[in-house]
Amino acid sequence: MSLRTDISRAIADARDRAIRSGALTIAPDAALPTVGLERPANPDHGDWASNAAMQLAPVARAAPMRIAEALLEHFEPPPSIAAGSVAAPGFLNFRLAPEWVAAQVGPIRDAGDAYGHHVVDGAERFNVEFVSANPTGPLHVGNARGAFVGDVLCRVLAAAGHEVVREYYFNDFGGQVKALGASVRALRAGEPIPEDGYRGDYVREMAESVPAEVIDAAEAAEGDEADWVYGRWASEVQRRGIEASLAALGVAFDVWKTESSIHDEGWVERGVSKLRDAGYVYEDEGATWFKATAFGDDRDRVIYRSNGAPTYFAADIGYVSEKFSRGFDELIYVWGENHHGAVARLLHAAEALGHDPDAVRILLYSWVRFVREGEAVSMSKRSGQFVTLDDLMAEVGADPVRWFFSSRAFTSGIDFDLELAKKQSNENPVYYVQYAHARACSILRHAAEQGLSADAQGTGELLLHPSEQELIRHLLDFPDTVAQAAERRETHDVPRYAYELATAFSAFYRDAKVLTDDAGVSAARLALVDAARSVLANALQLLGISAPESM
RNA sequence: GCGCCGGUAGCUCAGUGGAUAGAGCGUCGGCCUCCGGAGCCGAAGGUCGCAGGUUCGAAUCCUGUCCGGCGCGCCA
């Protein structure tokens, strides 16, 4: 039970009582608006504010101010609320009870790592597929956003109480594997790399380290088959590299799925025949088509080419069936916005297969423009001009990069200045948050040396200073922050929250000396420091950012 | 041409119908006998791209328009 739901419910109860008592009359068939509740930016407006009266005005056909007064009159405050008031043009403002606030330190501290977790009522099963870069080269900075957006989203969903399967999809089936193999073969033969080949240094390195058995197999192969032999080997090498890079970033996956397995296990055939039975498949010009126009698409989509080879979309049809067969409530795809052309046909295919299209959610993140000394960095894998993700981590460090990506809405196109990211590293907000955590740890160390220990008994009377109260109010906001981020499938509330919490902790540190001659005060403040430390660590953990005990 | 995403402070970005539009960086000015100065306090800085509309109320919703990014394959 969060503070937010507590207060919302009390307002709804007040509304119902007001209606029963006749203080409010609602049109009989009118739907009641949901109670809006927010933390106002201006402290003069209290700790929580509701616009319920203004939202009720149309259905109650009364002035918002009068409705607000009626609501307040019938309001039975929960223990957390000290006072309510009405403000023009009809806001209901509530102030938390300071003693109640202060008394929350113990429970927050006792909850520890679990605080802010399991905050949703209905837990669901999510499949989150992200990164899924082709195994034709190392991950580059263009994959960074998808990796961190997906990772943090998974952390948030899991913290909120959902079950999450993290999945990576390898396209090991299409022509790019052959093109990669052809590039390796050409380099070994001293021939020019084909037009559609890959040119990075990593291709050269691979060409120089092909194992003997692969060479033998390639030389024994006929025609194009040699390209495939090299290609399959090279893409395995790249796949291992990708897995290692992601592991080094702290981005974990539960399932590594390959496109070829979707074909081999018959998911594509079964999916297509299901579509055919439903009347959404036809043949034309030797190709097999999905009737996407039946779902409002601009054009129908090819499933099998006239040469019989399946398209990428064919695998998507099989894959979405395979995912749903595992019993997920929602499938999340984290894609770069350049794939948005494929969104409609995937949703339409899911619908045609009999699935709820609302259970398929495709998150398109906008492109990042990487800039170095004012110049945009080109990142084409085929041209070989790119900065690898490993390079980026070595240069800037994982914590600032994670902060950078998780603190911006994924729909915003953003600039990432590599030089600036390094140069400003000491001014970076991520260090400010980590610093607050380290400082809290330091205070606790000092306390231990002096034989002082935290005690949350009696904080209700001792932690009434405005800075103490403000800090605790921020701690109380954490569960809502997690719940809201999970609900919105968006992560950037979390860094903002962490920063504000760090600021509140700094203000507390400035105003309230923890280690004092008064044992009771010291024990209470130590409990608050420990609670703040714990919540800072929880917030950083959600972002996959380290919480150092000293810096 | 059609579609998707953007346009908010000098820069990078928050703000998905509410009260005086916010933060970081940068700029300017203050604060170190005291638990960590990677800190604290204060200031300057914005016709929310533009024009209409919807309503008690619009950065937010609708329409149009301009600018930028990305798509519109029997590529993946």
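Letters A, B, ... mirror the listed sequences (proteins, then strands); counts begin at 1.
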Not counting sequence neighbours, list each pair that qualifies as a salt bridge (Lys or Arg N to Asp or Glu O under 4.0 Å) and has a residue in residues 510-528 of chain A.
A:E468-A:R525
Chi class for B:rC32: syn within 90° of 0, otherwise anti
syn
What distance, rounded to whole Å, do you find between the two C1' atoms, one in B:rU27 and one in B:rA9?
12 Å
Who passes side chain to side chain contact (heavy atoms under 4.5 Å, CB included) against A:A485, sequence neighbours left out?
A:V156, A:V494
With heavy atoms under 4.0 Å as the rule, sort A:T516 into base, sugar-phosphate or nothing.
nothing
With sequence neighbours excluded, tell me which residues meet salt bridge (charged side-chain N to carboxylate O under 4.0 Å, His left out) with A:R276.
A:E283
In whole Å, measure the gap between the C1' atoms of B:rC40 and B:rC48 for me.
31 Å
Nucleic acid contacts - residues 481-489 of chain A versus RNA chain B, non-hydrogen atoms under 4.0 Å
A:R488
Could you tell me which residues satisfy side chain to side chain donor-acceptor pair (under 3.5 Å) with A:T25, sequence neighbours excluded, listed by chain and number?
none
Euclidean distance for P, B:rC74 against B:rC70 (whole angstrom):
23 Å
Restricting to ring-ring contact (aromatic ring centres under 6.0 Å, His included), what partner residues turn up for A:W367, sequence neighbours left out?
A:Y365
Here's a test of your reading of the structure: between A:A88 and A:R299, which maps to the more 5' nucleotide of RNA chain B?
A:A88
Quick one: label A:E337 by what it contacts on the DNA or RNA (base, sugar-phosphate, nothing), any heavy atom closer than 4.0 Å.
base
Which nucleotide span of RNA chain B, 5' end to 3' end, has atoms closer than 4.0 Å to non-hydrogen atoms of chain A?
B:rG3 to B:rA76
May I ask you to say what A:I303 touches in the nucleic acid, namely base, sugar-phosphate or nothing, with a heavy-atom cut-off under 4.0 Å?
nothing
Partner nucleotide of B:rG10 by Watson-Crick or wobble geometry (both distances under 3.5 Å):
B:rC25
Lys NZ or Arg CZ of A:R39 over A:W48 ring: under 6.0 Å, within 45°:
yes
Assign A:H339 to base, sugar-phosphate, or nothing according to its heavy-atom contacts below 4.0 angstrom with the strands shown.
base
Excluding sequence neighbours, so at least two apart, what forms side chain to side chain donor-acceptor pair (under 3.5 Å) with A:Y282?
A:D300
For A:A234, which residues count as a side chain to side chain contact (heavy atoms under 4.5 Å, CB included) partner, sequence neighbours excluded?
A:L180, A:V184, A:M206
Give A:N171 one of three labels, base, sugar-phosphate or nothing, depending on what nucleic acid heavy atoms sit under 4.0 Å from its own.
sugar-phosphate
Categorize A:H45 for me: base, sugar-phosphate, or nothing, with a 4.0 angstrom heavy-atom threshold over every strand shown.
base
Which one is paired to B:rG1, where only Watson-Crick or G-U wobble pairs with both distances under 3.5 angstrom count?
B:rC72
Considering Watson-Crick and G-U wobble pairs with both distances under 3.5 Å, what does B:rA38 pair with?
none
Does A:R439 count as lying over the ring of A:Y509, i.e. NZ or CZ under 6.0 Å from the six-ring centre, within 45 degrees of the axis?
yes
Return the set of residues passing side chain to side chain donor-acceptor pair (under 3.5 Å) with A:D399 (not counting sequence neighbours), or none when no residue passes.
A:Q434, A:S546
For RNA chain B, which residues of residues 428-440 of chain A approach it to below 4.0 angstrom with any heavy atom?
A:P429, A:Y432, A:Y435, A:A438, A:R439
Provide the distance between the two P atoms, one in B:rU55 and one in B:rC62, to the nearest whole Å.
15 Å
A:Y509 near the nucleic acid: base, sugar-phosphate alone, or nothing, with a heavy-atom cut-off under 4.0 Å?
base
Partner of B:rC61 under the Watson-Crick or G-U wobble criteria, both distances under 3.5 Å, comes out as B:rG53
Contacts of type side chain to side chain donor-acceptor pair (under 3.5 Å), residue A:N171, not counting sequence neighbours:
none
